[in-house]
Amino acid sequence: MGRLVIVSNRAPSIDGTGDSGGLVVALKDALAKDGGLWIGGAPEQTDTPASSLVFHHRPDFDIGLFELEPQLYRDYYFGYSNSLLWPALHGRVDLIEVQPRYAAAYSEVSRRLARMISDTVRSDDVIWVHDYQLIPLAHELRVLGCRNRIGFFLHIPVPGLETFKAIPEWRDLAAWLAEYDLIGVQTQRDLAHLINIFRHTLRGELRSNGNMGINGREVVLGCFPISINVEGFRRLAEEGSIGTPPPPLPRLIGVDRLDYSKGLPQRLAGYETFLSQYARFRSKVSLLQIAPPTRDDVEAYRDIREELELRAGHINGLYGTVDWTPVQYIHRALPRDELAVLFRLSRVGLVTPLFDGMNLVAKEYVAAQDETDPGVLILSQFAGAAEEMPQALIVNPHDPQDMAEAIKTALEMPRAERIARHEALYDYLANHDVEYWSSSFLKRLLAVETIDLHWTSRYSAYQPGVKAS
Ligand code: ADQ
(Lines give C-alpha, C1' and ligand atoms only; values in the text may rest on other atoms or scores of the structure.)
Protein backbone atom coordinates (compact mmCIF):
# COMPACT_ATOMS: atom_id res chain seq x y z
CA MET A 1 0.00 0.00 0.00
CA GLY A 2 1.14 3.56 -0.66
CA ARG A 3 0.19 6.37 1.60
CA LEU A 4 -3.01 6.75 3.50
CA VAL A 5 -4.72 9.87 2.15
CA ILE A 6 -7.48 11.19 4.34
CA VAL A 7 -9.84 13.79 2.94
CA SER A 8 -12.21 15.81 5.08
CA ASN A 9 -13.90 19.17 5.11
CA ARG A 10 -11.61 20.39 7.84
CA ALA A 11 -7.89 19.72 8.18
CA PRO A 12 -6.15 19.33 11.53
CA SER A 13 -4.10 22.29 12.70
CA ILE A 14 -0.77 22.74 10.97
CA ASP A 15 1.18 22.97 14.22
CA GLY A 16 -0.66 20.10 15.94
CA THR A 17 -2.25 22.32 18.58
CA GLY A 18 -5.97 22.62 19.05
CA ASP A 19 -6.83 19.27 17.47
CA SER A 20 -10.19 19.00 19.20
CA GLY A 21 -13.52 17.85 17.83
CA GLY A 22 -14.77 14.38 16.97
CA LEU A 23 -13.12 13.70 13.62
CA VAL A 24 -9.67 15.20 14.16
CA VAL A 25 -9.27 13.59 17.54
CA ALA A 26 -10.36 10.24 16.16
CA LEU A 27 -8.11 10.16 13.10
CA LYS A 28 -4.84 11.74 13.93
CA ASP A 29 -3.62 8.67 15.78
CA ALA A 30 -4.31 6.44 12.77
CA LEU A 31 -2.35 8.73 10.44
CA ALA A 32 0.52 9.28 12.80
CA LYS A 33 0.97 5.53 12.98
CA ASP A 34 1.17 4.82 9.23
CA GLY A 35 2.32 8.19 7.90
CA GLY A 36 0.43 9.86 5.13
CA LEU A 37 -1.42 12.89 3.92
CA TRP A 38 -4.48 14.65 5.29
CA ILE A 39 -6.29 16.84 2.79
CA GLY A 40 -8.74 19.31 4.25
CA GLY A 41 -10.21 22.77 3.93
CA ALA A 42 -8.01 25.75 4.79
CA PRO A 43 -9.14 27.50 7.98
CA GLU A 44 -9.60 30.82 6.14
CA GLN A 45 -11.25 31.53 2.81
CA THR A 46 -9.67 33.77 0.21
CA ASP A 47 -10.87 35.75 -2.82
CA THR A 48 -8.03 34.29 -4.86
CA PRO A 49 -7.83 30.61 -3.89
CA ALA A 50 -4.86 28.52 -4.99
CA SER A 51 -5.72 26.12 -7.81
CA SER A 52 -3.75 23.33 -6.15
CA LEU A 53 -3.32 22.02 -2.64
CA VAL A 54 -1.12 24.04 -0.27
CA PHE A 55 1.19 21.61 1.53
CA HIS A 56 2.49 21.72 5.09
CA HIS A 57 4.62 19.18 6.88
CA ARG A 58 3.91 18.05 10.39
CA PRO A 59 6.24 15.61 12.13
CA ASP A 60 3.44 13.03 12.21
CA PHE A 61 1.94 13.48 8.71
CA ASP A 62 1.61 15.94 5.81
CA ILE A 63 -1.29 18.29 5.36
CA GLY A 64 -2.66 19.51 2.03
CA LEU A 65 -5.05 22.45 2.36
CA PHE A 66 -7.62 23.41 -0.25
CA GLU A 67 -8.72 27.02 -0.40
CA LEU A 68 -12.15 28.30 -1.39
CA GLU A 69 -13.69 31.70 -2.03
CA PRO A 70 -15.86 32.97 0.84
CA GLN A 71 -19.13 32.82 -1.13
CA LEU A 72 -18.50 29.31 -2.46
CA TYR A 73 -17.54 28.15 1.02
CA ARG A 74 -20.68 29.65 2.56
CA ASP A 75 -22.97 27.98 0.02
CA TYR A 76 -21.20 24.63 0.22
CA TYR A 77 -20.61 24.51 3.99
CA PHE A 78 -23.22 26.61 5.79
CA GLY A 79 -25.65 26.15 2.89
CA TYR A 80 -25.87 22.67 1.41
CA SER A 81 -23.91 20.80 4.08
CA ASN A 82 -25.31 22.36 7.23
CA SER A 83 -28.66 23.84 6.23
CA LEU A 84 -29.78 20.89 4.15
CA LEU A 85 -27.79 17.68 4.61
CA TRP A 86 -27.18 17.95 8.36
CA PRO A 87 -30.84 18.54 9.31
CA ALA A 88 -32.16 16.04 6.73
CA LEU A 89 -29.79 13.26 7.80
CA HIS A 90 -30.72 13.96 11.42
CA GLY A 91 -34.40 13.61 10.61
CA ARG A 92 -35.15 17.36 10.93
CA VAL A 93 -36.71 17.97 7.54
CA ASP A 94 -38.63 20.86 9.11
CA LEU A 95 -35.32 22.75 9.27
CA ILE A 96 -33.98 22.16 5.77
CA GLU A 97 -33.26 25.10 3.54
CA VAL A 98 -33.29 24.38 -0.19
CA GLN A 99 -31.46 26.76 -2.54
CA PRO A 100 -30.26 25.87 -6.06
CA ARG A 101 -27.00 27.73 -5.48
CA TYR A 102 -26.26 25.56 -2.43
CA ALA A 103 -26.51 22.39 -4.54
CA ALA A 104 -24.30 23.90 -7.25
CA ALA A 105 -21.64 24.93 -4.72
CA TYR A 106 -21.71 21.49 -3.10
CA SER A 107 -20.90 19.67 -6.35
CA GLU A 108 -18.42 22.35 -7.40
CA VAL A 109 -16.30 21.88 -4.27
CA SER A 110 -15.94 18.12 -4.83
CA ARG A 111 -15.21 18.71 -8.52
CA ARG A 112 -12.40 21.15 -7.73
CA LEU A 113 -11.05 19.07 -4.93
CA ALA A 114 -10.96 16.00 -7.19
CA ARG A 115 -8.75 17.90 -9.65
CA MET A 116 -6.35 18.88 -6.88
CA ILE A 117 -6.25 15.37 -5.46
CA SER A 118 -5.68 13.68 -8.80
CA ASP A 119 -2.63 15.92 -9.33
CA THR A 120 -1.15 14.60 -6.08
CA VAL A 121 -2.31 11.09 -5.47
CA ARG A 122 -0.08 8.17 -6.37
CA SER A 123 -1.46 5.03 -7.94
CA ASP A 124 -1.01 2.90 -4.82
CA ASP A 125 -2.37 5.42 -2.33
CA VAL A 126 -5.53 4.54 -0.49
CA ILE A 127 -8.04 7.35 -0.20
CA TRP A 128 -10.38 7.63 2.76
CA VAL A 129 -13.03 10.33 2.45
CA HIS A 130 -14.92 11.58 5.49
CA ASP A 131 -18.42 12.72 5.98
CA TYR A 132 -21.41 14.34 4.40
CA GLN A 133 -19.68 17.44 3.06
CA LEU A 134 -17.79 15.43 0.41
CA ILE A 135 -20.16 12.70 -0.79
CA PRO A 136 -19.62 13.42 -4.56
CA LEU A 137 -15.82 13.16 -4.31
CA ALA A 138 -15.38 9.54 -5.46
CA HIS A 139 -17.56 10.21 -8.49
CA GLU A 140 -15.53 13.27 -9.43
CA LEU A 141 -12.27 11.39 -8.94
CA ARG A 142 -13.46 8.48 -11.10
CA VAL A 143 -14.42 10.90 -13.85
CA LEU A 144 -10.81 12.11 -13.80
CA GLY A 145 -9.52 8.57 -14.12
CA CYS A 146 -8.61 7.85 -10.52
CA ARG A 147 -8.52 4.08 -9.99
CA ASN A 148 -7.34 4.07 -6.40
CA ARG A 149 -9.28 2.36 -3.68
CA ILE A 150 -11.62 4.95 -2.23
CA GLY A 151 -13.47 4.46 1.03
CA PHE A 152 -16.09 6.68 2.60
CA PHE A 153 -17.12 6.96 6.22
CA LEU A 154 -20.29 8.75 7.23
CA HIS A 155 -20.04 10.14 10.76
CA ILE A 156 -23.68 11.15 11.03
CA PRO A 157 -26.82 9.02 10.74
CA VAL A 158 -28.44 7.65 7.61
CA PRO A 159 -32.15 8.43 7.92
CA GLY A 160 -35.03 6.33 6.62
CA LEU A 161 -35.84 6.42 2.91
CA GLU A 162 -38.77 8.84 3.15
CA THR A 163 -36.71 11.37 5.09
CA PHE A 164 -33.80 10.96 2.66
CA LYS A 165 -36.16 11.75 -0.20
CA ALA A 166 -36.80 15.20 1.26
CA ILE A 167 -33.39 16.15 -0.13
CA PRO A 168 -34.03 17.32 -3.68
CA GLU A 169 -30.82 15.65 -4.92
CA TRP A 170 -31.51 12.33 -3.19
CA ARG A 171 -31.02 10.30 -6.36
CA ASP A 172 -27.66 11.98 -7.05
CA LEU A 173 -26.53 11.43 -3.48
CA ALA A 174 -27.32 7.73 -3.66
CA ALA A 175 -25.53 7.43 -7.02
CA TRP A 176 -22.49 9.33 -5.70
CA LEU A 177 -22.29 7.08 -2.67
CA ALA A 178 -22.40 4.02 -4.90
CA GLU A 179 -19.11 5.13 -6.54
CA TYR A 180 -17.09 4.32 -3.42
CA ASP A 181 -15.45 0.94 -2.99
CA LEU A 182 -16.36 0.79 0.67
CA ILE A 183 -18.99 2.75 2.59
CA GLY A 184 -18.74 2.67 6.38
CA VAL A 185 -21.49 3.80 8.71
CA GLN A 186 -21.67 3.98 12.49
CA THR A 187 -24.48 1.56 13.36
CA GLN A 188 -26.62 -1.34 12.22
CA ARG A 189 -29.52 1.12 12.14
CA ASP A 190 -27.69 3.24 9.54
CA LEU A 191 -26.66 0.19 7.54
CA ALA A 192 -30.26 -1.01 7.27
CA HIS A 193 -31.34 2.45 6.08
CA LEU A 194 -28.54 2.65 3.53
CA ILE A 195 -29.38 -0.77 2.08
CA ASN A 196 -33.00 0.29 1.76
CA ILE A 197 -32.01 3.53 0.02
CA PHE A 198 -29.82 1.66 -2.49
CA ARG A 199 -32.56 -0.87 -3.15
CA HIS A 200 -35.12 1.78 -3.93
CA THR A 201 -33.05 4.34 -5.77
CA LEU A 202 -30.53 2.25 -7.71
CA ARG A 203 -32.17 -1.19 -7.71
CA GLY A 204 -29.32 -2.36 -5.53
CA GLU A 205 -29.26 -6.05 -4.68
CA LEU A 206 -28.02 -7.28 -1.35
CA ARG A 207 -25.56 -10.15 -1.87
CA SER A 208 -25.06 -13.01 0.56
CA ASN A 209 -21.70 -11.50 1.62
CA GLY A 210 -23.48 -8.31 2.77
CA ASN A 211 -22.26 -6.24 -0.19
CA MET A 212 -24.55 -4.44 -2.58
CA GLY A 213 -24.66 -5.14 -6.30
CA ILE A 214 -25.28 -1.78 -7.97
CA ASN A 215 -25.01 -1.00 -11.68
CA GLY A 216 -22.90 -4.05 -12.39
CA ARG A 217 -20.38 -3.55 -9.62
CA GLU A 218 -20.17 -4.51 -5.99
CA VAL A 219 -20.09 -1.88 -3.26
CA VAL A 220 -18.83 -3.08 0.10
CA LEU A 221 -20.88 -1.87 3.06
CA GLY A 222 -19.90 -2.09 6.69
CA CYS A 223 -20.74 -0.91 10.16
CA PHE A 224 -17.74 0.63 11.96
CA PRO A 225 -18.68 2.32 15.23
CA ILE A 226 -16.19 5.12 15.84
CA SER A 227 -14.50 5.37 19.23
CA ILE A 228 -11.89 7.29 21.21
CA ASN A 229 -8.41 6.72 22.59
CA VAL A 230 -9.86 5.02 25.66
CA GLU A 231 -6.70 4.45 27.66
CA GLY A 232 -5.33 7.91 26.80
CA PHE A 233 -8.52 9.62 27.94
CA ARG A 234 -8.63 7.54 31.12
CA ARG A 235 -5.08 8.61 31.96
CA LEU A 236 -5.84 12.25 31.21
CA ALA A 237 -8.75 12.13 33.66
CA GLU A 238 -6.90 10.19 36.32
CA GLU A 239 -3.73 12.30 36.31
CA GLY A 240 -5.61 15.60 36.01
CA SER A 241 -7.88 14.87 38.93
CA ILE A 242 -5.04 14.29 41.41
CA GLY A 243 -5.31 17.10 43.90
CA THR A 244 -8.52 18.47 42.32
CA PRO A 245 -11.19 18.72 45.01
CA PRO A 246 -14.54 17.08 44.24
CA PRO A 247 -17.44 19.44 43.51
CA PRO A 248 -19.47 20.57 46.55
CA LEU A 249 -22.59 18.75 45.31
CA PRO A 250 -22.98 15.55 43.25
CA ARG A 251 -22.82 16.83 39.72
CA LEU A 252 -24.64 15.94 36.52
CA ILE A 253 -22.69 16.89 33.42
CA GLY A 254 -23.58 17.48 29.78
CA VAL A 255 -20.97 18.35 27.14
CA ASP A 256 -22.18 18.92 23.61
CA ARG A 257 -21.66 21.17 20.65
CA LEU A 258 -24.59 23.56 20.74
CA ASP A 259 -26.64 21.77 18.08
CA TYR A 260 -30.36 21.04 17.84
CA SER A 261 -29.61 17.32 17.29
CA LYS A 262 -28.12 17.08 20.78
CA GLY A 263 -31.48 17.47 22.55
CA LEU A 264 -30.41 20.17 24.99
CA PRO A 265 -33.83 21.76 25.64
CA GLN A 266 -35.27 18.27 26.11
CA ARG A 267 -32.47 17.47 28.58
CA LEU A 268 -33.33 20.54 30.62
CA ALA A 269 -37.00 19.58 30.47
CA GLY A 270 -36.05 16.19 31.95
CA TYR A 271 -33.98 17.86 34.68
CA GLU A 272 -36.80 20.27 35.47
CA THR A 273 -39.25 17.36 35.78
CA PHE A 274 -36.77 15.64 38.09
CA LEU A 275 -36.49 18.72 40.33
CA SER A 276 -40.22 19.27 40.36
CA GLN A 277 -41.07 15.64 41.27
CA TYR A 278 -38.22 14.80 43.62
CA ALA A 279 -38.05 17.90 45.79
CA ARG A 280 -35.64 16.24 48.21
CA PHE A 281 -32.88 16.59 45.60
CA ARG A 282 -33.25 20.38 45.36
CA SER A 283 -30.07 22.08 46.61
CA LYS A 284 -28.48 18.62 46.68
CA VAL A 285 -27.30 18.25 43.05
CA SER A 286 -26.21 20.54 40.25
CA LEU A 287 -26.20 20.31 36.47
CA LEU A 288 -23.19 21.59 34.55
CA GLN A 289 -23.92 22.04 30.85
CA ILE A 290 -20.99 22.90 28.60
CA ALA A 291 -22.09 23.77 25.08
CA PRO A 292 -19.70 25.70 22.84
CA PRO A 293 -21.14 27.54 19.84
CA THR A 294 -20.90 25.98 16.38
CA ARG A 295 -22.14 27.09 12.96
CA ASP A 296 -23.45 30.38 14.29
CA ASP A 297 -24.00 31.53 10.71
CA VAL A 298 -26.96 29.16 10.41
CA GLU A 299 -30.23 30.49 11.82
CA ALA A 300 -31.30 27.23 13.47
CA TYR A 301 -28.14 27.39 15.61
CA ARG A 302 -28.93 30.86 16.88
CA ASP A 303 -32.44 29.65 17.74
CA ILE A 304 -31.20 26.68 19.76
CA ARG A 305 -28.86 28.90 21.75
CA GLU A 306 -31.70 31.25 22.67
CA GLU A 307 -33.93 28.35 23.64
CA LEU A 308 -31.27 26.78 25.84
CA GLU A 309 -30.48 30.04 27.63
CA LEU A 310 -34.17 30.67 28.21
CA ARG A 311 -34.73 27.22 29.68
CA ALA A 312 -31.65 27.36 31.90
CA GLY A 313 -32.74 30.80 33.15
CA HIS A 314 -36.25 29.50 33.73
CA ILE A 315 -35.05 26.59 35.90
CA ASN A 316 -32.64 28.79 37.84
CA GLY A 317 -35.39 31.37 38.39
CA LEU A 318 -37.89 28.75 39.51
CA TYR A 319 -35.75 26.59 41.80
CA GLY A 320 -32.52 28.49 42.46
CA THR A 321 -31.74 29.96 45.87
CA VAL A 322 -29.14 32.41 47.12
CA ASP A 323 -26.84 29.42 47.82
CA TRP A 324 -27.72 27.12 44.94
CA THR A 325 -27.79 27.43 41.15
CA PRO A 326 -29.51 24.37 39.66
CA VAL A 327 -28.03 24.81 36.14
CA GLN A 328 -24.55 26.09 35.38
CA TYR A 329 -24.13 26.82 31.71
CA ILE A 330 -20.81 27.41 29.95
CA HIS A 331 -21.05 28.55 26.35
CA ARG A 332 -17.51 27.85 25.18
CA ALA A 333 -15.09 25.00 24.46
CA LEU A 334 -12.81 23.76 27.24
CA PRO A 335 -9.41 22.04 26.91
CA ARG A 336 -9.67 18.24 26.72
CA ASP A 337 -7.73 17.67 29.94
CA GLU A 338 -10.16 19.91 31.82
CA LEU A 339 -13.13 18.11 30.30
CA ALA A 340 -11.67 14.73 31.26
CA VAL A 341 -11.40 15.81 34.91
CA LEU A 342 -14.89 17.29 34.91
CA PHE A 343 -16.25 13.99 33.57
CA ARG A 344 -14.42 12.03 36.26
CA LEU A 345 -15.72 14.25 39.03
CA SER A 346 -19.35 14.07 37.85
CA ARG A 347 -21.71 11.51 39.31
CA VAL A 348 -23.95 11.40 36.21
CA GLY A 349 -23.12 11.86 32.51
CA LEU A 350 -26.09 13.08 30.48
CA VAL A 351 -25.81 12.21 26.79
CA THR A 352 -29.29 12.60 25.40
CA PRO A 353 -29.29 13.53 21.70
CA LEU A 354 -32.44 13.30 19.60
CA PHE A 355 -30.42 11.66 16.84
CA ASP A 356 -26.65 11.18 16.71
CA GLY A 357 -24.31 9.19 14.47
CA MET A 358 -22.34 7.89 17.45
CA ASN A 359 -21.59 10.47 20.20
CA LEU A 360 -18.07 10.36 21.50
CA VAL A 361 -18.94 12.16 24.72
CA ALA A 362 -20.69 8.98 25.92
CA LYS A 363 -17.44 7.05 25.45
CA GLU A 364 -15.29 9.81 26.97
CA TYR A 365 -17.49 9.92 30.07
CA VAL A 366 -17.09 6.18 30.65
CA ALA A 367 -13.34 6.24 29.94
CA ALA A 368 -12.82 9.08 32.45
CA GLN A 369 -14.43 7.38 35.45
CA ASP A 370 -12.68 6.15 38.58
CA GLU A 371 -13.35 2.40 38.35
CA THR A 372 -13.59 2.09 42.15
CA ASP A 373 -16.37 4.70 42.40
CA PRO A 374 -17.69 5.35 38.90
CA GLY A 375 -20.47 7.65 37.79
CA VAL A 376 -23.48 6.57 35.75
CA LEU A 377 -24.05 7.26 32.07
CA ILE A 378 -27.56 8.23 30.97
CA LEU A 379 -27.73 7.66 27.24
CA SER A 380 -30.34 8.39 24.59
CA GLN A 381 -31.71 5.44 22.68
CA PHE A 382 -31.15 7.56 19.54
CA ALA A 383 -27.39 7.97 19.97
CA GLY A 384 -25.45 5.52 17.82
CA ALA A 385 -23.49 4.68 20.97
CA ALA A 386 -26.60 3.06 22.48
CA GLU A 387 -26.11 0.01 20.22
CA GLU A 388 -22.79 -0.71 21.93
CA MET A 389 -23.47 0.53 25.46
CA PRO A 390 -26.52 -1.29 26.86
CA GLN A 391 -25.18 -1.04 30.43
CA ALA A 392 -25.87 2.70 30.41
CA LEU A 393 -29.30 3.86 31.57
CA ILE A 394 -31.00 4.10 28.18
CA VAL A 395 -33.65 6.83 27.88
CA ASN A 396 -36.07 8.38 25.43
CA PRO A 397 -35.00 12.05 25.30
CA HIS A 398 -38.47 13.13 24.16
CA ASP A 399 -39.97 11.90 27.43
CA PRO A 400 -39.11 14.17 30.40
CA GLN A 401 -40.57 11.66 32.83
CA ASP A 402 -38.27 8.90 31.56
CA MET A 403 -35.28 11.24 31.93
CA ALA A 404 -36.34 12.31 35.42
CA GLU A 405 -36.60 8.66 36.54
CA ALA A 406 -33.19 7.86 35.05
CA ILE A 407 -31.57 10.80 36.86
CA LYS A 408 -33.06 9.62 40.16
CA THR A 409 -31.99 6.02 39.51
CA ALA A 410 -28.47 7.15 38.64
CA LEU A 411 -28.12 9.28 41.78
CA GLU A 412 -29.39 6.50 44.00
CA MET A 413 -27.58 3.61 42.31
CA PRO A 414 -25.57 1.51 44.79
CA ARG A 415 -21.84 1.52 44.31
CA ALA A 416 -21.68 -2.21 43.47
CA GLU A 417 -24.10 -1.76 40.58
CA ARG A 418 -22.24 1.31 39.35
CA ILE A 419 -19.00 -0.65 39.35
CA ALA A 420 -20.55 -3.63 37.52
CA ARG A 421 -22.06 -1.43 34.81
CA HIS A 422 -18.92 0.61 34.40
CA GLU A 423 -16.70 -2.45 34.20
CA ALA A 424 -18.77 -3.94 31.38
CA LEU A 425 -18.80 -0.63 29.47
CA TYR A 426 -15.10 0.04 29.98
CA ASP A 427 -14.01 -3.47 29.00
CA TYR A 428 -15.96 -3.23 25.78
CA LEU A 429 -14.53 0.20 24.97
CA ALA A 430 -10.98 -0.86 25.77
CA ASN A 431 -11.31 -3.56 23.09
CA HIS A 432 -13.04 -1.26 20.62
CA ASP A 433 -11.06 1.96 20.74
CA VAL A 434 -10.33 4.39 17.93
CA GLU A 435 -7.42 2.37 16.68
CA TYR A 436 -9.67 -0.67 16.37
CA TRP A 437 -12.13 1.51 14.41
CA SER A 438 -9.63 2.89 11.92
CA SER A 439 -7.75 -0.36 11.46
CA SER A 440 -10.97 -2.34 10.85
CA PHE A 441 -12.07 0.20 8.25
CA LEU A 442 -8.70 0.24 6.50
CA LYS A 443 -8.37 -3.52 6.59
CA ARG A 444 -11.73 -3.84 4.89
CA LEU A 445 -10.84 -1.15 2.35
CA LEU A 446 -7.58 -2.87 1.47
CA ALA A 447 -9.40 -6.16 1.00
CA VAL A 448 -11.75 -4.67 -1.59
CA GLU A 449 -11.11 -5.97 -5.08
CA THR A 450 -9.95 -2.96 -7.09
CA ILE A 451 -11.70 -1.58 -10.12
CA ASP A 452 -14.02 -4.10 -11.71
CA LEU A 453 -14.25 -4.97 -15.36
CA HIS A 454 -17.08 -2.56 -15.97
CA TRP A 455 -15.10 0.36 -14.75
CA THR A 456 -13.42 1.69 -17.90
CA SER A 457 -16.54 1.46 -20.01
CA ARG A 458 -18.50 3.49 -17.47
CA TYR A 459 -16.23 6.50 -17.66
CA SER A 460 -15.76 7.97 -21.09
CA ALA A 461 -13.42 10.59 -19.63
CA TYR A 462 -11.05 7.88 -18.37
CA GLN A 463 -7.41 8.95 -18.51
CA PRO A 464 -4.78 6.54 -17.30
CA GLY A 465 -2.59 9.48 -16.26
CA VAL A 466 -2.98 9.45 -12.48
CA LYS A 467 0.53 9.98 -11.20
CA ALA A 468 2.46 6.85 -10.31
CA SER A 469 4.55 6.87 -7.16
P1 ADQ B 1 -20.08 15.72 16.93
O2 ADQ B 1 -21.49 16.00 16.53
O3 ADQ B 1 -19.17 16.87 17.04
O4 ADQ B 1 -19.44 14.65 15.95
P5 ADQ B 1 -19.41 14.00 19.30
O6 ADQ B 1 -19.26 12.63 18.81
O7 ADQ B 1 -20.09 14.08 20.61
O8 ADQ B 1 -20.22 14.95 18.36
O9 ADQ B 1 -17.97 14.64 19.42
C10 ADQ B 1 -17.79 15.87 20.02
C11 ADQ B 1 -16.34 16.03 20.48
O12 ADQ B 1 -16.13 17.39 20.80
C13 ADQ B 1 -16.04 15.21 21.73
O14 ADQ B 1 -14.73 14.73 21.67
C15 ADQ B 1 -16.20 16.23 22.86
O16 ADQ B 1 -15.40 16.00 23.99
C17 ADQ B 1 -15.75 17.51 22.17
N18 ADQ B 1 -16.45 18.64 22.80
C19 ADQ B 1 -17.77 18.83 22.89
N20 ADQ B 1 -18.03 19.94 23.63
C21 ADQ B 1 -16.85 20.44 23.99
C22 ADQ B 1 -16.42 21.57 24.77
N23 ADQ B 1 -17.27 22.40 25.36
N24 ADQ B 1 -15.10 21.78 24.92
C25 ADQ B 1 -14.22 20.95 24.35
N26 ADQ B 1 -14.55 19.87 23.63
C27 ADQ B 1 -15.84 19.62 23.44
C28 ADQ B 1 -19.87 13.95 14.77
C29 ADQ B 1 -21.17 13.18 14.87
C30 ADQ B 1 -21.12 12.22 16.05
C31 ADQ B 1 -19.91 11.30 15.92
C32 ADQ B 1 -18.65 12.10 15.66
C33 ADQ B 1 -17.47 11.19 15.32
O34 ADQ B 1 -22.26 14.07 15.00
O35 ADQ B 1 -22.30 11.44 16.11
O36 ADQ B 1 -19.74 10.57 17.11
O37 ADQ B 1 -18.82 12.99 14.56
O38 ADQ B 1 -17.80 10.35 14.26
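Just follow the structure's listing: the first ligand is 1, and inside any ligand the first atom is 1.
When the heavy atoms of His155, Met358, His130, Arg336 are ranked by distance to atom 38 (O) of ligand 1, first place goes to His155.
When non-hydrogen atoms are compared, ligand 1 lies under 4.0 Å from the backbone of Arg332 (N, CA, C, O) but not from its side chain. When heavy-atom distances to ligand 1 are checked against a 4.0 Å cut-off, Asp259 has no atom that comes that close, whether in backbone or side chain. Heavy atoms of Ile226 found under 4.0 angstrom from ligand 1 belong exclusively to the side chain.
Each of the atoms 7 (O), 15 (C) of ligand 1 lies under 4.0 Å from some heavy atom of Val361. Near Lys262, with a cut-off below 4.0 Å to any heavy atom, the atoms of ligand 1 are 1 (P), 2 (O), 7 (O), 8 (O). In the vicinity of Gln186, heavy-atom distances shorter than 4.0 Å reach the ligand 1 atoms 31 (C), 38 (O). Residue contact check: Val255 has heavy atoms under 4.0 Å from atoms 19 (C), 20 (N), 21 (C) of ligand 1. Proximity to Ile290 (heavy-atom distance under 4.0 Å) selects the following atoms of ligand 1: 23 (N). Close contacts of ligand 1 with Leu339, meaning ligand atoms under 4.0 Å from a residue heavy atom, involve 16 (O), 24 (N), 25 (C), 26 (N), 27 (C). The distance from ligand 1 to the heavy atoms of Gly357 drops below 4.0 Å at these ligand atoms: 35 (O).
Within the 4.5 Å cutoff, the side chain of Met358 has no heavy atoms near those of the His155 side chain. With a 4.5 Å cut-off on side-chain heavy atoms, Arg3 and Thr120 count as touching. Looking only at side-chain heavy atoms (C-beta outward), Glu231 and Arg234 come within less than 4.5 Å of each other.
Taking the centre of each ring, Tyr80 and Tyr76 stay at or above the 6.0 Å mark. Checked against the 6.0 Å centroid threshold, Phe153 and Trp437 count as a close aromatic pair.
Checking only distances, Ala333 never comes within under 3.5 Å of ligand 1, N or O to N or O. For Asn359, a nitrogen or oxygen atom sits less than 3.5 Å from a nitrogen or oxygen atom of ligand 1, counting backbone and side chain alike. Polar contact check, Leu334 against ligand 1: a nitrogen or oxygen pair lies under 3.5 Å apart. In terms of polar-atom proximity, defined here as any N/O pair under 3.5 Å, Leu360 does make such a contact with ligand 1. Between Arg257 and ligand 1, a contact under 3.5 Å exists for at least one N or O pair.
Note on ring orientation: taking the six-membered ring where Trp is involved, the planes of Trp86 and His90 are tilted (angle from 30° to 60°).
When each of Leu137, Ile6, Leu141 is paired with Val129, the side-chain contact (heavy atoms from CB on, under 4.5 Å) condition holds for Leu137 and for no other.
Counted by atom type alone, Thr352 and Arg267 present one or more donor-acceptor pairs between their side chains at under 3.5 Å. For the residue pair Thr294/Arg257, the side-chain donor-acceptor check at 3.5 Å is satisfied.
The closest approach between Phe224 and ligand 1 stays at or above 4.0 Å for every heavy atom of the residue.
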Could you walk me through whether Leu442 and Trp128 pass side-chain contact (heavy atoms from CB on, under 4.5 Å), step by step?
CA-CA 8 Å; Leu442 285 169; Trp128 185 359; 3.9 Å; yes
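Residue Tyr319 places its OH atom among more than 12 non-hydrogen atoms of other residues, nucleotides or ligands, all under 6.0 Å distant.
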